[in-house]
K.L.:
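Here it is: the structure, laid out below.
Chain A is the first sequence line, chain B the second, and so forth, proteins listed ahead of strands; every chain is numbered from 1. All values below were derived from every heavy atom in this structure, side-chain atoms included, with hydrogens, water molecules and symmetry-related copies excluded.
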Amino acid sequence: MLDPLLLRQDITAVASGLKRRGYVLDTENYQGLESQRKAIQIKVQELQQQRNSRSKLIGHAKAKGEDIQPLLDEVASLGSSLKGAEQQEQLVLEQQKAILTGLPNLADASVPDGKDENDNLELRRWGKPRQFEFEPLDHVDLGTKLGEMDAEAAAKLSGSRFTLLRGGVARLHRALAQFMLDTHTQEHGYTELYVPYMVNADAMFGTGQLPKFADDAFITTDEIPRYLIPTSEVPMTNLVAGEILKADELPMQLTALTPCFRREAGSYGRDTRGMIRQHQFEKVEMVQIVQPDDSDAALERMTKHAEAILQKLELAYRVMLLCTGDMGFAAEKTHDLEVWLPGQDSYREISSISRCGAFQARRMKARWRNPETGRPELVNTLNGSGVAVGRTLIAVLENYQQEDGRIKIPAVLQAYMGGLEYIA
RNA sequence: GGAGAGGUGGCAGAGCGGUUGAAUGCACUGGUCUUGAAAACCAGCAUAGGUUAAUAGCCUAUCGAGGGUUCGAAUCCCUCCCUCUCCGCCA
């Protein structure tokens, strides 16, 4: 959520900032609501003040044993006019909130303007795409040949956009996740969490999935519905919701391995082959809760942490700075890591690292006590994949394939595979 | 699933329907004392909104959430959520 104060003070600046992201804010409408709110609020408060002071007088009079009937007559009509004013106030506040909670974050000044992924800026590359002396297969053909990747079996059980893994490939998938977690906890200073995979609406609101993107999430049929997490960013970040943290608790660096569930509504026909886009996939996620002046540095740190995973796996990748049009709702600046996939002959997203400023913190009421001011102030939040396990599996299969169909196991994973060197 | 207890400020913990934004203790901040520190003593110490030049005043709201009763609700009533204890079931 954007700072309501900012909208009051300089709505033109906000509107032009949002326009960079392709969001058109109806400033006249908002300002109209704002002045209505102000007028009604003043009226409500005046009435409340009258009621309070009258009630106090009645209390005093009663204590002295005086006749309170004249006083009661005085306030007779107050109640109904107050109630009416309060209802009006609520109506305006709801309308305002509906607009406010639907506004995306403002992009950082360093973010390039653009419409979609074609306008993203490449920051750097690491590693060279492998040159094959034979025609490389994609992960679907590789997995199927091995008999260890089975989309049909998954379809029988669950429908499209699911995959079943067996044997060595299933183990490799697990090894990747363990390796990533170990790297972040042992080398990058993250605390590992095990978190709920279902969260309530408040949590989904806090990180910005609700109310706007309700259609993207799976929801339970409980009386109080719960949402299957689309990423563990949701439970991890919301851990600090409503809290006032001490300065020495920051930065907080959290990581977790969880499945992620996404309905992929609106992506029909895209990436239908293979494991690229699934309703369910594993992801190791990193979350940082930081002081605002550490936010910029934290984004760079997290990007390095995600890069370290790909470097250790010796997978070629490039780092992209997302343009305004390609960023997520809560982000003010995002780096994407794109790994080289020989099967697609292109770089594909495998990690997304975002700085959210106070956007999520404001929604969650997550604060820290700033020693300099002595007051609670909003924290800043960041999140990033470290990295997507399913897509990393694809990358390893495709990049480490041998001409005979075997998969070489990356050196750093062999210890996680009982010393195995190849999947065959 | 059954029975019971409870949710109050950073924490702990009081609170006959009326002057309670809320006792007290701890923590924290400033001061006195001291060579320094501790102890003791004194003072201060919630968040948000409105008004405002103001992080000064003044006003309003907030005691799990949402409704209700009342001139007036932290206190009474209803619904829901959560926590704890005991029993049952269970990976």
K.L.:
Which nucleotide in the list B:C71, B:C59, B:U47 gets nearest to the side chain of A:Q45?
P.N.:
B:C59

K.L.:
Remember a base hit wins even if backbone is also touched, and classify A:L72 as base, sugar-phosphate or nothing at under 4.0 Å, heavy atoms.
P.N.:
base

K.L.:
For B:A61, does OP1 or OP2 lie under 4.0 Å from any side-chain N or O of A:R51?
P.N.:
yes

K.L.:
Map A:E34 and A:Q49 onto RNA chain B by nearest heavy atom, then report which one ends up closer to the 5' terminus.
P.N.:
A:E34

K.L.:
Among B:G67, B:G49, B:C71, which nucleotide has an atom closest to any side-chain atom of A:Q90?
P.N.:
B:G67

K.L.:
If you check every side-chain atom of A:K83, which of B:C59, B:A61, B:U69 has the closest atom?
P.N.:
B:U69

K.L.:
Hey, does A:K38 reach any base, or is it just sugar-phosphate, or nothing, if we go heavy atoms under 4.0 Å?
P.N.:
sugar-phosphate

K.L.:
Sort out for me which residue in A:D326, A:T334, A:D336 forms a side-chain hydrogen bond (donor to acceptor under 3.5 Å, both in side chains) with A:S352.
P.N.:
A:D336

K.L.:
From the list B:G50, B:C71, B:G10, which nucleotide is the closest neighbour of the side chain of A:I244?
P.N.:
B:G10

K.L.:
Considering only B:G50, B:G72, B:U19, which nucleotide approaches the side chain of A:H60 most closely?
P.N.:
B:U19

K.L.:
How many angstroms lie between atom CD of A:Q36 and atom CG of A:L93, to the nearest 0.5 angstrom?
P.N.:
10.5 Å

K.L.:
Say you pick atom C1' in B:G13 and the same atom in B:A53; how far apart are they, in whole Å?
P.N.:
42 Å

K.L.:
Could you check whether A:R37 and A:Q41, counting side-chain N and O atoms only, form a donor-acceptor pair closer than 3.5 Å?
P.N.:
yes

K.L.:
Any base atoms under 4.0 Å from A:N200, or only sugar-phosphate, or nothing? Heavy atoms, all strands.
P.N.:
nothing

K.L.:
Find the distance A:K64:NZ to B:G18:P and express it as a whole number of Å.
P.N.:
17 Å

K.L.:
For the residue pair A:S354 and A:K333, confirm or rule out a side-chain donor-acceptor distance under 3.5 Å.
P.N.:
no

K.L.:
Does the base of B:G18 carry an N or O that pairs as donor and acceptor with the side chain of A:K56 under 3.5 Å?
P.N.:
no

K.L.:
So if I take every side-chain heavy atom of A:N52 and compare against B:G18, B:G49, B:A61, which nucleotide ends up nearest?
P.N.:
B:A61

K.L.:
Tell me whether the side-chain N/O atoms of A:R37 come closer than 4.0 Å to OP1 or OP2 in B:G50.
P.N.:
yes

